[in-house]
Number of protein chains: 2
Amino acid sequence: MAATIEDVARRAAVSVATVSRALRGLPNVAPSTRERVMTAASELHYVADPSASRLAGGRNLTVGFVVPMLGQWYYAKLFSGVEAVLTVAGYDVLPFTMSGPGGVRRFVETLPFRKRVDGLIVADAPLEPAQFRRIEQAEVDLVTIGTLGQGIVGLSVDNVAAARLAVGHLTGLGHRRIAQIGGIVDDPFHFSVPVDRYHGYRDALEAAGIGHDEELAVPGNFSLEGGAEAMHRLLALDEPPTAVFACSDEMAIGAMQVARDAGLRVPEDLSIVGIDDHDVSEYVGLTTIRQDVVGQGERAAQRLLELSDPATSGPLHEHLPIRLIVRRTTGPPPPGVGFRW
Amino acid sequence: MAATIEDVARRAAVSVATVSRALRGLPNVAPSTRERVMTAASELHYVADPSASRLAGGRNLTVGFVVPMLGQWYYAKLFSGVEAVLTVAGYDVLPFTMSGPGGVRRFVETLPFRKRVDGLIVADAPLEPAQFRRIEQAEVDLVTIGTLGQGIVGLSVDNVAAARLAVGHLTGLGHRRIAQIGGIVDDPFHFSVPVDRYHGYRDALEAAGIGHDEELAVPGNFSLEGGAEAMHRLLALDEPPTAVFACSDEMAIGAMQVARDAGLRVPEDLSIVGIDDHDVSEYVGLTTIRQDVVGQGERAAQRLLELSDPATSGPLHEHLPIRLIVRRTTGPPPPGVGFRW
DNA sequence: ATCGGGGATGGAAGCGTTTGCAGCTCGTGG
DNA sequence: CCACGAGCTGCAAACGCTTCCATCCCCGAT
């Protein structure tokens with residue numbers, strides 16, 4: 001049987017109250033007493049029971065991390081960032097996955113985190129304002145990543161700018177027929193990441209004086225397969241693009257492979273740019289817009305910790321830096337196709 | 001304020017004991033009563049406080065998932081498998097990361113999961129038997145993945161066979177000078193995955209009547225960068241290999257890029273085979289040994305659940321299937337280099 | 001009709017902490 | 001020399017649930 005606070009108290013010849021105070025570093029404990037208690041505790045390998053602490057103290061020392069799924073690169077990286085800072089702060093991090101059909105709705109209806117976390121970091125959840133309200137009613141601190149909520153602390157890269165940067169790179173190289181993979185999704189909610197990237201794409205086209213062709217914007221599901229599928233559709237077009245802007249590196253890689261299988265050379269025949277700077281992107285030479293995903297996780301965790309400290313107060317929404325990394329998948333359009341105005 | 005069991009009891013006009021029984025589906029509750037309780041509970045949006053449940057009932061309903069890190073593909077996938085089955089079984093999954101210097105030791109010394117989880121799934125932890133014992137003393141069920149513990153339920157692919165399969169593929173193509181990236185690591189513990197793969201590599205060489213050259217076995221850290229670095233070392237050799245067997249697809253991809261940057265054609269000048277079948281491997285055409293990582297996570301979770309059910313009992317150690325997937329990074333050695341006996 | 005027994009319910013004792021409050025012991029200023 | 005406050009410490013009441021045990025009711029068997 002594991003030692004309880006009472007065992008420690010007995011061994012140190014003090015009351016349980018004093019043990020509790022001594023071990024948690026509260027004031028009003030004589031140094032000699034504290035020492036004695038700490039010794040006793042470590043001799044017994046004592047660790048406070050988190051359930052009992054929580055029940056008595058009201059704090060869970062746990063934060064929930066809500067994501068669509070954890071198997072994908074982006075969310076796994078995010079998680080490492082979140083976990084790194086929260087762990088040293090003494091918190092456990094409990095992931096909640098909203099995958100599967102009706103995942104979001106189920107999540108909002110059951111609020112599975114209730115009574116078990118002090119705070120929540122929500123990444124890319126396509127939540128309606130009303131759903132955000134319900135979550136807040138569960139009395140948790142809340143920080144969002146990616147898709148931001150009105151009146152809720154959140155951080156994100158500037159997705160419009162990121163898309164503009166990527167597509168601007170393409171237009172700068174002379175491309176006029178530029179596709180987008182993974183922009184607007186048929187999402188009933190305002191899942192802002194793809195939407196914003198779509199707008200940035202449109203912006204950049206417009207800035208370059210290029211008309212928009214609706215058939216060049218195809219969904220991609222933010223997965224390798226999705227990117228591949230999207231590329232197939234694009235190649236089947238009467239007038240295929242000379243460049244594609246994929247909203248994630250994984251889609252870009254999927255698309256790239258399909259293009260090459262179809263006999264296209266990248267970048268000579270087709271340019272491709274992604275977003276993320278996935279770990280492998282450097283190794284496949286993918287031009288991309290880099291964002292510091294781990295850093296985003298860390299920052300989100302910090303913001304969450306700050307929420308319980310009334311002294312600090314940052315801006316409600318925070319934007320993180322992005323950067324164009326030019327590698328070997330982008331170049332000028334094939335001759336005779338590009339500059340034909 | 002969130003509703004407590006007492007609120008529900010009052011509203012349903014029964015005692016808290018009955019509410020507890022009714023809500024948990026215990027027998028000896030009249031159907032009509034149960035119905036009344038359930039109605040009251042849902043009207044109040046009642047959810048039992050997990051801390052209180054645990055304290056009173058002794059079960060945490062959460063399992064810990066111990067990994068070196070979570071940002072890497074393999075562990076992220078493993079996690080999705082684990083999480084998928086444990087979530088439907090009503091368990092929370094709490095990840096513990098052992099990264100950083102002294103991570104393992106710190107973990108074993110503090111046993112941060114104590115009193116917090118009912119069970120533990122430990123993946124690839126380089127633990128000494130004594131350390132395993134300490135963990136077991138914390139009164140948790142235990143299942144290991146990858147690196148197995150003596151007398152502890154665990155599952156893994158047959159790493160010796162996997163390596164043999166990969167290297168056998170290479171020797172079958174005619175390669176005689178075959179390097180290994182990421183075999184034995186300078187690990188004070190018996191971290192069996194790399195060790196086993198090293199033995200498989202040696203086996204296959206021997207089976208093909210090829211002598212072993214120690215300088216062809218280089219570490220790789222199981223990362224993209226590590227693979228790249230390893231390849232640099234191999235290319236600097238007086239007599240570089242015509243094929244490399246990388247112990248993970250990420251190392252393979254890192255190596256492949258370095259080789260190509262050095263002007264080598266893959267597979268014409270250099271063949272590369274990995275292990276894992278990483279998501280992107282299909283898209284970079286990497287020949288590899290496939291293992292079902294998500295499936296391993298799922299299976300581990302099932303085994304853990306079975307541990308609390310004395311009726312079931314499988315073998316202590318379980319091996320999962322592997323399969324050679326031939327794609328476009330392996331081929332016969334360049335003429336004049338291969339069959340020169 | 002009476003008794004026995006099983007199913008349904010309630011009472012209440014924990015589970016291991018935290019924390020408000022009270023009490024005790026000094027040292028210091030009046 | 002006494003009173004008083006500051007600093008330590010202990011007592012005991014929560015916290016919200018589970019579960020053992022006792023109680024009650026109703027029905028069939030004798």
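Under 4.0 angstrom from either OP1 or OP2 of C:dG10 there lies at least one side-chain N or O belonging to B:Ser15. The shortest distance between the side-chain N/O atoms of A:Lys115 and the OP1/OP2 oxygens of D:dG16 is not below 4.0 Å. Proximity of A:Asn28 to the phosphate of D:dG7: no side-chain N or O atom is located under 4.0 Å from OP1 or OP2. Distances shown here put every side-chain N or O of B:Arg24 at or beyond 4.0 Å from the OP1 or OP2 atom of D:dC17. Within the 4.0 Å cut-off from OP1 or OP2 of C:dT17, not a single side-chain nitrogen or oxygen of A:Arg54 is found. Residue A:Ser53 has a polar side-chain atom (N or O) positioned under 4.0 Å from OP1 or OP2 of C:dT18. At the phosphate of C:dG16, neither OP1 nor OP2 sits under 4.0 Å from any side-chain N or O atom of A:Thr4.
Going from atom CD of B:Glu6 over to atom C1' of D:dC17 covers 10 Å, rounded to whole Å. Per the geometry, CZ belonging to B:Arg10 stands 19 Å off P belonging to C:dT9, to the nearest Å. Per the geometry, CG belonging to A:Leu26 stands 13 Å off C1' belonging to C:dG20, to the nearest Å. Taking atom CG of residue A:Leu23 and atom C1' of nucleotide C:dT17, one finds them 12 Å apart after rounding to whole Å. Rounded to whole Å, the distance from CZ on A:Arg59 to C1' on D:dC15 is 16 Å. Rounded to whole Å, atom P of C:dG16 lies 19 Å from atom CG of A:Leu61. For the pair B:Ile5 CD1 and D:dT19 P, the computed distance is 11 Å after rounding to whole Å.
Residue contacts shown for A:Val37 are absent, as no nucleic acid heavy atom lies under 4.0 Å away. Backbone-only contact: A:Ala48 has heavy atoms under 4.0 Å from sugar-phosphate atoms and none from a base. Within 4.0 Å of A:Ala17, counting heavy atoms only, lies at least one base atom of the nucleic acid. Residue contacts shown for A:Arg21 include a base, since a base heavy atom lies under 4.0 Å away. At the heavy-atom level, A:Asp49 lies under 4.0 Å from the strands shown only through sugar-phosphate atoms. Residue A:Ser51 is classed as having no contact, given no heavy-atom separation below 4.0 Å to the nucleic acid.
Each of A:Thr33 and B:Ser20 was assigned the nucleotide of DNA chain D with the nearest heavy atom; the assignment lying further toward the 5' end belongs to A:Thr33. If B:Pro31 and B:Ala56 are placed on DNA chain C by their nearest nucleotide, the residue sitting closer to the 5' end is B:Pro31.
Side chains of B:Arg299 and B:Gln302: a donor on one and an acceptor on the other come within 3.5 Å. Residues B:Arg116 and A:Thr62 have side chains that bring a donor and an acceptor to within less than 3.5 angstrom of each other. Side-chain contact of A:Ser20 with A:Arg24: a donor-acceptor pair under 3.5 Å is present, judged by distance alone.
In the set C:dC15, C:dA8, D:dT18, the nucleotide with an atom closest to the side chain of B:Leu55 is C:dC15.
Only one option out of A:Leu305, A:Asp141, A:Asp118, A:Leu304 pairs with A:Val63 in a side chain to side chain contact (heavy atoms under 4.5 Å, CB included); it is A:Leu304.
Surrounding CZ of A:Arg133 are more than 12 heavy atoms belonging to other residues, nucleotides or ligands, all under 6.0 Å away.
The existence of a salt bridge linking B:Arg54 and A:Asp49 is confirmed by a sub-4.0 Å separation between a basic side-chain nitrogen and an acidic carboxylate oxygen.
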